[in-house]
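Report on the structure given below.
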Amino acid sequence: MSFSEKILNWYVQNKRQLPWRNTTDPYKIWLSEIMLQQTRVAQGIPYYEKFVKKYPTVQDMAVASEQEILKLWQGLGYYSRARNMHHTARKVTEEMDGKFPQTYEGLIKLKGVGDYTASAIASISFGQLEPVVDGNVYRVLARYFGVDTPINSGPGIKYFKNLARELMPDENIRDYNQGLMEFGAIQCAPKKPYCLHCPLNDSCVALQKNLIASLPAKLKNNSIKKRYFNYLVPLDPKSNTRLHKREGKGIWQNLYEFPLIESPKELNINELKELMPKEAPFADLTEVIAFNADNIVHKLSHQHLYTRFWICRTSSEIADGITPAELEDYPVPVLIADFIKTLKISYF
DNA sequence: AAATCGGGGTA
DNA sequence: TACCCAGATTT
């Protein structure tokens, strides 16, 4: 039995029932693929359900505001995905008659759609013979064929894509591609794969050479930067406050947060007061107190955010302030959402 | 080619 | 703690 036949047989026996498995609607396949980029299926499912319900078609997504999209995306991370997705929804609706391109070449031109996603939509939605190579596929192929070329190197990316193309069957590409990824996720798992009853265990190079734990090979970059965030949380007599939109480059673009002072090191209250703006809403402070005694460490992939929230009470009303209820309307990072939750329990 | 972009699950 | 997740984009 060929490699692809074994994968297809395994898939028939082991496939999960997932919400995007019973459609070939390119909008829904596209939506699911964008959401699942660097994201576990289990984490993506509730978001997929929310989005399909609120935006049943690409036109529905196109007419929504970016802020609305980001709010629904809140907590899923990698927010550029949401911004690019929204941009593409408008592009498809306004310039492509609401129809997604039906080929890899057309799909990959869309913002937020790279090699993997273009291949996935082309094959799963349109049945085009294109191989998908995601993290799961890298792992399965590296182990089964005993390839130690780093999967995140230029040569590795090219090698595994070519290998995947040679292996794919000339029919059932929809099930084969999804089956190969599913096989990697469930059977050939990163840690403790189930080699004992694996349909490929009679011919897996990594298993024979005891290389399961060391494959796939990956070049790693270990630079984690520390940053110190001081959030100033203005609170007027009505418990109104203020949020700012994060602009420019960097994390959390177009999400909202409290006024922020970033410093090269941790600040005590006196150092903080020196740096605080004197204009509204901080013109007439009655009290500044640290909400959290110890830093909250919010960990992202490449940076750790040492964060303190400072409650800044003012005697006069904040102009254009945000009420506690209105705080819920803004897309915010999880760090801010968690703080707001605690603030509401202890202050409002 | 290397860095950046989130948040959560798993051992 | 370290690694990984149905990767893409920017530098």
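Convention: sequence-line order gives letters A, B, ...; per-chain numbering from 1.
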Could you work out the separation of C:dC5 and B:dA1 based on their C1' atoms and round it to a whole Å?
23 Å

Heavy atom of residues 143-155 of chain A under 4.0 Å from DNA chain C: which residues?
none

Please give the remaining members of the hydrophobic cluster of A:I212, linking ILVMFWY side chains under 4.5 Å, ordered by chain and number.
A:L207

Which heavy atom in A:T342 sits nearest to a heavy atom in A:S346, and how many Å separate them?
O-OG, 2.8 Å

Scoring nucleotides 5-11 of chain C by protein non-hydrogen atoms under 4.0 Å (B base, S sugar-phosphate only, - none) yields BBBSS-S

Carefully, step by step, assess A:F291 and A:F339 under the rule ring-ring contact (aromatic ring centres under 6.0 Å, His included).
CA-CA 10 Å; A:F291 182 83; A:F339 166 74; 4.9 Å; yes

Between A:N172 and A:Y176, is there a donor-acceptor pair closer than 3.5 Å when you use the side chain of the first and the backbone of the second?
no

Qualifying residue, where the test is side chain to side chain contact (heavy atoms under 4.5 Å, CB included) with A:N177 and the options are A:I173, A:L180, A:D175
A:I173

Under 4.0 Å, heavy atoms only, any strand: does A:G184 hit a base, just the sugar-phosphate, or nothing?
nothing

Ring-face cation of A:K50 near A:Y47 (centre distance under 6.0 Å, axis angle within 45°)
yes

Salt-bridge contact A:K54-A:E68 (side-chain N to carboxylate O under 4.0 Å):
yes

Do the side chain of A:E182 and the main chain of A:R16 share a donor and acceptor less than 3.5 angstrom apart?
yes

Would you classify A:Q253 as touching base, sugar-phosphate or nothing, given that sugar-phosphate means primed atoms plus P, OP1 and OP2, and contacts are heavy atoms under 4.0 Å?
nothing

What's the gap between B:dA11 and C:dA6 when it is taken at their P atoms, as a whole Å value?
14 Å

Select base, sugar-phosphate, or nothing to describe what A:G75 touches, counting heavy atoms under 4.0 Å on all strands.
sugar-phosphate

Interatomic distance at P, B:dG6 relative to C:dT11, whole Å
14 Å

Less than 3.5 Å apart, which donor and acceptor atoms pair up between the side chains of residues 197-204 of chain A and the rest of the protein, not counting sequence neighbours?
| from | atom 1 | to | atom 2 | distance (Å) |
| --- | --- | --- | --- | --- |
| A:N201 | ND2 | A:C195 | O | 3.0 |
| A:N201 | ND2 | A:L196 | O | 3.1 |
| A:N201 | ND2 | A:C198 | O | 3.3 |
| A:S203 | OG | A:Y144 | OH | 2.7 |

What nucleic acid atoms does A:I34 come within less than 4.0 Å of, heavy atoms only: base, sugar-phosphate, or nothing?
nothing

Residue mapping more 5' on DNA chain B - nearest nucleotide basis, A:L255 or A:K191
A:L255

In whole angstroms, the gap separating C1' of C:dT1 from NZ of A:K220 amounts to 12 Å

Taking the C1' atom in each of B:dG8 and C:dT9, what is the distance between them to the nearest angstrom?
23 Å

A:H304 NE2: over 12 foreign heavy atoms closer than 6.0 Å:
yes

Using the side chain to side chain contact (heavy atoms under 4.5 Å, CB included) criterion, which residues pair with A:E328? Sequence neighbours excluded.
A:I340, A:K344

Bounded by its outermost nucleotides with an atom under 4.0 Å from a heavy atom of chain A, the footprint on DNA chain B reads B:dA1 to B:dA11

